[in-house]
Every structure is written in structure tokens, then in C-alpha cells.
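Letters go in sequence order (proteins before strands), and every chain restarts at 1.
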Protein chains: 2
Amino acid sequence: MAGLGHIPEATVARLPLYLRALGEVTPSEQSTVSSEELADLSGVNAAKVRKDLSYLGTYGTRGVGYELDYLKFEISRALGLSNTWPVVVCGLGNLGRALANHTGFTDAGFPVAAAVDTDLDKIGATIDGVPVFAPADLSEVVNEFEIAIGVIATPASAAQGVAEALVEAGVKSIMSFVPTVLTVPDDVELRVVDLATELQILGFHLHRSNGKAGM
Amino acid sequence: MAGLGHIPEATVARLPLYLRALGEVTPSEQSTVSSEELADLSGVNAAKVRKDLSYLGTYGTRGVGYELDYLKFEISRALGLSNTWPVVVCGLGNLGRALANHTGFTDAGFPVAAAVDTDLDKIGATIDGVPVFAPADLSEVVNEFEIAIGVIATPASAAQGVAEALVEAGVKSIMSFVPTVLTVPDDVELRVVDLATELQILGFHLHRSNGKAGM
DNA sequence: CAATGTGAACGGGTTCACAGCC
DNA sequence: GGCTGTGAACCCGTTCACATTG
């Protein structure tokens, strides 16, 4: 039944997938989707889709499916997608530069408003349209650009310090690409994307099945 | 008790963290770690650490802890880290180039042996020490370099095709950074890193707690 | 006594299956 | 008839608490 009461974390993580999938449906061809279709499009099974959507309080129509536009709207709203959340990228190494320049961020409503780096050659410059500042100015940058999310892509040694500076400046959401344990207050949401670990997990399975090197 | 019988997926995902944490301990200072210490270093709680390690069949010593070197060795072995798994990066856009150049991969035992791109200017060239080939040559590349893992960082429209080409060439592990649903056979391990989705999840929580835009 | 190893309780998430409704 | 919405069963992973052991 109804209730935005409390959406399970696992469901929240799938809402973006549903939204993207719905974007691939052409409204002129069909004005409605079934849980089955949405399941195929999003790579999730149909029972899960229905249960997830039920948490939104979004009603489909039995025997018919979900009204396409309405569903998009509901999911967007649940995700808070009407807002725009400016991002600051901290650390402009390989990865940081790629992230600062990543169109997927802006497309999803998370414009990279500023970057921070220790390199004096970069500070004051504009890289791919993104102004670069000194770490010492982080607090000002956060205020100035109304930064909502900090992305950390510094060397491991600098990461904890940057995280603390972000928290100090009032940032409540951090996404880290650095392979270190970061400690932040409870009210700060931290998501870690750990590329080396991901590969090692793949490696585990290779090792387990093959036993041998090579392919 | 003993038994490499079957390590739970959740445990596998934490083994790399433990290994990294153990690397931060100086063996000259201490030859042993407790589950408590390892918990702090890896950002996991102690009970979980003990249960995880118990799956490895690795014995610590009650009242003492785990022997540092032995534990490192055991975890490395479980992860299959004695092997080296060459990687091919497919798609040399912003992100692809950063990944091809990412030292964290090589450091973790996953050297980027080759890259693939459609850009004729890049094909035949070497970017940051990585030779670039045409997509049509993917199969040869996989054989030649004994590629174990394919990283996909192409535009969304090309991703499924690349995935199929990788599978066709015999690759059994794929890591995708592309925001699309990829379909691969059951015996192929697929891990998806979806940056926009990650941000949207952060956005959800911002939205939920703040209600307002800005910071 | 200190710290491991582990059965048992717990909890969140997934799957099932079917009643309910258009 | 077809598809949603959802209680109930199930499964996996986490946490607890304590017996066990060097």
C-alpha cells in the first residue's frame, strides 16, 4: 500500500536503474510498462521491480502495468532529481581529471562546479571549464558554489585530510575513489568506489575456476 | 573449522581490504595482529573479521591474534594474487584513458596490457605505454596478451557489442563503467561500476535529509 | 587472561505464490 | 485474462555471546 514511509537502501540503489531504463522507452509507442518489461530493461527481476515500486507508493494498474510518464515522475521525485547538486572534485590526477570532465555527472544532475588540487600550475586555471582552487580555499569554494557532494580522487595519503576539510566545510556526501579507509562523522554519507578491490574480486573468481594463469 | 569449502561472496569482497590493511602494519614493530586491530585498519568490525578469516581456514592463536606474514600469505593465496591477470581497456575516452593509465591496476597485479578504440588516430599508437588496437583485432589481442579481464569504458551504444566480442574471444571477467544493462553468459563474471547511479544514491539521501537545494 | 572460533539469534532483502483488481 | 500488490517463506549476511584454548 501507500507509504514513502521508508524506502529500503537496496531499493534506492535500483531506482536510478529503473529511471534509466524508462528513458529508453519511447512514449509514442507505448504509454505503459509492465513490471516484466521494466525488469528486462533494467536487468532486475520482475518481482523485485514490483516490490520496489510498491515502496514508492506508486500505483500501477492491475492487468495493465505502470503509466510511463507518471512512473518516471515518481521515481525522479523519490530520488530528489528535481534538485541539482553541485560537485567538487578533489585531486586532479588521471582519475580526477577524467571525473571532472565526465559528462555522465552533469547529465545526471550533478554538475562539477569546481576542482581542488595542490599543483600550483593548475590552481587559478580552468580545466575543461572547471575552475581549480587551492585546498586551503575548499571551505570558500563549498560556500561559493553551494557544493553538495565532494568527490575525492587524491593520493591515498591526502584523502583523510581532504575528507575532513570537506566535512568541516559542511559537505554531507562524499564519494571516494581512494583505496583507503576514510573516517567521517555518522551524519556524512560516504560511498567508496574501489577499483583495485573490484579487480581483485574478479581475480578471485578467475583463480577459483581456472586455477591457471593466462586466459 | 577448516575448509576452503566455499567462501561467501561478501567475505571475498572484504579480503582485499584486509590485505591492504595488513600492508600498513610494519612487521618489525609487531608480528601479530588481533581481529580488533585489523577491524580498525580495514573499517570492518571485529566479529566480521574473525568470521571472514575463519572461512579461509586460517587459524589465529587464541589469546594472541593472527601471525602477520602468514595471514597475508593466506589471503593473497585465497585471492589468487600469485597470478597476474592482464587487462584490456576498451574505449579510450576520458575515463578509459584514465583507467589505462591507472597505476592502481598494475600495483594490484592487473597490468593493462592493451587497449582498444575505434579512433584511427589512436590505433597502432601507444598511449602511456599501452598499445592500442582496432576493435576487430580484439580476439587476437586477447590471445596475444593472454588477457583475463576486459574493462569496458566505451559509449553506451557500443558496450554490448564490445562485451560480446570479449566473451567471444574467451574473456571470462568483465568490468564495465558504462551505464547500460549488459547481457553476458552465466559463466562470465560481470561487475558494473556505475558512477552516475552512485551519485544519484547520494542525491537521494541529500534530498531526504535536507529537503532543500544548496548545501 | 586475552583473543579466537563459532553456534544461535537476528535482520534485511529476495523470491514465491496467489489474492485482488482492472 | 493479465498484471499488480503483498504476506509468507526463504536465504544470506551480520551480530551476539560465550565456550575454548594458547
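- At D:dT14, none of the side-chain N or O atoms of B:Asn45 fall inside 4.0 Å of OP1 or OP2 (strictly under the cut-off).
- Of the candidates D:dT4, C:dC16, C:dG5, C:dG5 carries the atom nearest the B:Arg62 side chain, counting heavy atoms from C-beta on.
- For the pair A:Val162/A:Pro135, no side-chain contact is recorded, criterion being any heavy-atom separation below 4.5 Å from C-beta on.
- With D:dC3, C:dT15, D:dT15 as the candidates, the nucleotide lying closest to the side chain of B:Lys48 is D:dT15.
- One atom, CD1 of A:Ile7, and another, C1' of C:dT14, lie 18 Å apart when rounded to the nearest Å.
- With sequence neighbours excluded, no residue satisfies side chain to side chain donor-acceptor pair (under 3.5 Å) with B:Glu24.
- Taken from CD in B:Glu164 to CG in B:Leu138, the straight-line distance is 12.0 Å, to the nearest 0.5 Å.
- For B:Glu36 and A:Val64, each mapped to the nucleotide of DNA chain C holding its nearest heavy atom, the one lying further toward the 5' end belongs to B:Glu36.
- Distances shorter than 4.0 Å separate some side-chain N or O of A:Tyr66 from OP1 or OP2 on D:dG5.
- For the residue pair B:Glu9 / A:His205, a side-chain donor-acceptor distance below 3.5 Å is found, with atom types taken as modelled.
- Remark: B:Arg50 is not in phosphate contact with D:dA17, judged by side-chain N or O atoms under 4.0 Å from OP1 or OP2.
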_Working for side chain to side chain contact (heavy atoms under 4.5 Å, CB included), residues A:Asn94 and B:Asp128_ = CA-CA 11 Å; A:Asn94 281 325; B:Asp128 294 313; 5.8 Å; no
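- Here D:dG13 presents its P atom at 13 Å from CG of B:Leu15, a figure rounded to the nearest Å.
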Between the protein and nucleotides 8-12 of chain D, which nitrogen or oxygen pairs are less than 3.5 angstrom apart?
residue : atom : partner : partner atom : Å
D:dA8   : N6   : A:Lys51 : NZ           : 3.4

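- Rounded to a whole Å, the CD atom of B:Glu67 is 16 Å from the C1' atom of C:dA3.
- Put simply, CG on B:Leu71 is 14 Å from C1' on C:dG5, counting in whole angstrom units.
- Remark: B:Pro8 engages B:Thr11, B:Tyr55 in a side chain to side chain contact (heavy atoms under 4.5 Å, CB included) (not counting sequence neighbours).
- At least one donor-acceptor pair closer than 3.5 Å links the side chain of B:His207 to the backbone N or O of A:Arg77.
- D:dG5 atom P lies 8 Å from atom CG of A:Leu53, rounded to whole Å.
- Protein atom CG of B:Asp40 is 13 Å distant from nucleotide atom P of C:dA3, rounded to whole Å.
- Look at A:Ser35 and you won't find any side-chain N or O under 4.0 angstrom from OP1 or OP2 of D:dC3.
- Rounding to whole angstrom units, CG of residue A:Leu68 and P of D:dT4 are separated by 14 Å.
- Between A:Arg14 and C:dT14 there is a side-chain N or O to OP1 or OP2 distance below 4.0 Å.
- For B:Tyr59 and D:dT20, the OH to P distance is 16 Å, given to the nearest whole Å.
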